[in-house]
Number of protein chains: 2
Amino acid sequence: MSKPASRRNTIADVARHAGVSKATVSRFLNHRDALLSPEIAARVEAAVAELGYVPSPMAQALKRGRSRLIGLVVADIANPYSVAVLRGAEQACRKAGYLVMLFNLGNERERESAGLKALASYKVEGYILNTMGHDTGSLLETATQGKPVVLVDRLHPGLDVDFVSLDNRQAIGDSASHLLARGYRELLFVTEPRGAVSSRIERSRAFEDFLVQHAMPGQAVSGQSLDSAVDDQETLVQALQALRRRAAGASPAVISGNAVVTLQVVAAVARLGWRLGRDIGLIGIDDTPWAPFVGPGISAMAQPTDRIGQLAAQCLLQRVGGLDTPARRMLLPGLLAARGSTRRQ
Amino acid sequence: MSKPASRRNTIADVARHAGVSKATVSRFLNHRDALLSPEIAARVEAAVAELGYVPSPMAQALKRGRSRLIGLVVADIANPYSVAVLRGAEQACRKAGYLVMLFNLGNERERESAGLKALASYKVEGYILNTMGHDTGSLLETATQGKPVVLVDRLHPGLDVDFVSLDNRQAIGDSASHLLARGYRELLFVTEPRGAVSSRIERSRAFEDFLVQHAMPGQAVSGQSLDSAVDDQETLVQALQALRRRAAGASPAVISGNAVVTLQVVAAVARLGWRLGRDIGLIGIDDTPWAPFVGPGISAMAQPTDRIGQLAAQCLLQRVGGLDTPARRMLLPGLLAARGSTRRQ
DNA sequence: TTGTACGCGTTATCAA
DNA sequence: TTGATAACGCGTACAA
């Protein structure tokens, strides 16, 4: 027993076993096609199989500078959207032989560059970022050390890299059109505080642009936007009351910027004792498994989250593989699920 | 410019900068307390600061065999429970200076040992496992190479390691007692197919034991268990109809084994056109943000998921730190949130 | 076509 | 107390 069972076999063990040098084994493993006499190749192959040898990714990473690791930074793992994307991305990475290192910011944006550094120290080959949009592009650029980056859902100013996201303009436009078609006329868009988060800003803008475009005589649609903090139900309740007052005879409706906000709105509506659909319309960005069962069912604009995650991973892996085209913007369409919360009676 | 800006500084750079040997720098960093003349220590410290030197975890891992990495294997990242635990665990690990490597099984249990191997190759120092319970303990034991393991929510037969979970017996007991107190008498426990998943089995058993204990004359409580596949709504609908028939005059109620099942039950009840609480009682294991807003509000037994994740991480890190006590079982109590779905009118 | 020898960035052992 | 030097496991010039 020269080899203690506890230790994993190394390339040296294989070399000894096959009666060749480490270099030969390495060559067999890396460029197995070329430069090997069939007889030696067979011997090495047998030894590898027999010892169940698997190269150490860490040693490889140390040597090559590449690790077969992808760094994934998410703003908040508690957000179902982040999870859904993570899911698609992890799957795509794994299929390509990469492992995902996860760094959760827990909504503490100061940790953004710390996370990047932590991941960088493990020599991740690329980054998928779904973060707060706090750090500027140049800061991120230094933190990522020139490694490929793909942004999901949230753009960073001055960072010219691949970007995968819901088509916010289409999503908001279709949602608002749906409300108009269902007879709602006084609209309110509710978002988490916009801050520097591009998706929130874009959705708000798309909403405001929609209003402008549809403010033709006879249509008489109008609306407002509201930034609502998660813990401030009072403000939201007052905004809803104001909305209904403004509506006068016409029907009021809310578009919520994501699933978290949808739940806030639902809570506020419940507190007011209003009925969804009838007293106030509601459609939310992000569909959820529970949406059909709240009140008369909550209408939603579903994001193709799995697809977004997969696409992000694919883009990133192409870059890792050396693709050097200009930065791409991939906007995926949302899908409307109409339910009772946008039916006036 | 001798040092290309692209490369991260190494210990050699620091040594050169401070005019000492690499060994001295290493000593300063690792056992900074001992064996260093104040003057040299100061020089090294300055050099480290000036160059912004951070040791390479990969090189350290290669040398020491330790990586400051924790492997986290979850059965299904789409399950909110997994995510909530992941969240607590990641936070605790990060605070202790560890990073989490995530491996998602996507409910494909064959990938369990593959995942462990992948993580092992990165020399993770320990594993947090929330998996399918498919692979036997001995199989896992070899896959984890003797590294510390902590199991979350799901036990593996023959694997004698730390275990953190909801106190299923208490949770089920309190849920069922709550139903009795609210006047429900004919109970049905619905779980995802038990298979080899210990938590499902335990909850089912706890429910059955509860029935036996409360089957005294005068109480007249009875019930059954049902394994319900996620995609088989038909069976569930029929089971609910049978339940109500059995109840005759008395009130029927369902305990659902987790949030996924709760949603199934809600869907089935909706299809039957029944009203929660009045026509049928419902209480679910796992509280969710949407539970208060479905129908009259869904009563729930909340798991302390964050705490479970943190505890799991803490246990694991203790073991990583060398703790060598017998395996521990940590059972955390659930907290009842009573809502309208367990109010008979 | 194969083997030797060195380096990746650390830590640890041994002298000095 | 400090400094060479040898690993850790692997890839790759270079020499054979």
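These numbers come from the heavy atoms of this one structure, side chains and all, not from hydrogens, waters or symmetry mates. Because the structure is a prediction, the values reported are computed rather than measured.
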- Note on the structure: note: B/Arg8, atom CZ; C/dT10, atom C1'; distance rounded to Å ~ 12 Å

- Nearest-angstrom distance from the residue atom CZ of B/Arg64 to P of D/dA6: 22 Å

- Report the residue (A/Leu29 or B/Glu39) whose heavy-atom-nearest nucleotide on DNA chain D is the more 5′ of the two. B/Glu39

- Message: Measure CZ/A/Phe28 against C1'/C/dT2 and give the value in whole Å, please.
- Response: 15 Å

- Query: Could a donor-acceptor pair under 3.5 angstrom be found where the side chain of B/Arg27 meets the base of D/dG3?
  - Reply: yes

- Query: Between D/dC10 and A/Tyr53, is there an OP1 or OP2 to side-chain N/O distance shorter than 4.0 Å?
  - Reply: yes

- Task: For A/Leu62 and C/dT11, give me the distance from atom CG to atom P, rounded to whole Å.
- Result: 12 Å

- Task: For residues B/Gly106 and B/Arg111, report the shortest heavy-atom separation together with the two atoms involved.
- Result: N-NH2, 4.1 Å

- A/Thr24 side chain near C/dT1 phosphate (N/O to OP1/OP2, under 4.0 Å): no

- Message: Mind checking if B/Val44 touches a base, just sugar-phosphate, or nothing, with heavy atoms under 4.0 Å?
- Response: nothing

- Which whole-number value in Å describes the distance from A/Arg68 CZ to D/dC10 C1'? 16 Å

- With the side chain of A/Ser21 defined as its heavy atoms from C-beta on, choose the nearest nucleotide among C/dG3, C/dT10, D/dG9. C/dG3

- Task: Could you say whether B/Lys63 or A/Ser56 is positioned toward the 5' end of DNA chain D, judged by the nucleotide with the nearest heavy atom to each?
- Result: B/Lys63

- Check whether the side chain of B/Lys22 and the base of C/dT10 form a donor-acceptor pair under 3.5 Å. yes

- Message: Taking the minimum atom-to-atom distance to the side chain of A/Ala23, which one of C/dT4, C/dT2, C/dG9 wins?
- Response: C/dT4

- Query: Are B/Arg154 and B/Phe163 in a cation-pi contact, defined as NZ or CZ under 6.0 Å from the six-membered ring centre and within 45° of the axis?
  - Reply: no

- Message: Looking only at the side chain of B/Ile11 (C-beta and beyond, no hydrogens), which of the listed nucleotides C/dT11, D/dG9, C/dT1 gets closest?
- Response: C/dT11

- Message: At 4.0 Å (heavy atoms only), tell me whether A/Ser26 reaches a base, stays on the sugar-phosphate, or touches nothing.
- Response: base

- Query: Quick one: does NZ or CZ of A/Arg68 land under 6.0 Å from the six-membered ring centre of B/Tyr122, within 45 degrees of the ring axis?
  - Reply: no

- Note on the structure: In A/Asp162, A/Val164, A/Val161, the residue satisfying side chain to side chain contact (heavy atoms under 4.5 Å, CB included) with A/Arg328 is A/Asp162

- Message: Can you tell me which nucleotide in D/dA6, D/dT2, C/dT1 comes closest to the side chain of B/Ser37?
- Response: D/dT2

- Least distance between heavy atoms, B/Ile308 atom then B/Ser165 atom: CD1-C, 4.2 Å

- Can you tell me how far C1' of C/dG9 sits from OH of A/Tyr122, to the nearest Å? 14 Å

- A/Gln60 CD to D/dC8 C1', straight-line distance once rounded to whole Å: 14 Å

- Item | Gap between atoms NE2 and P, on B/His31 and C/dT10 respectively (whole Å) | 15 Å

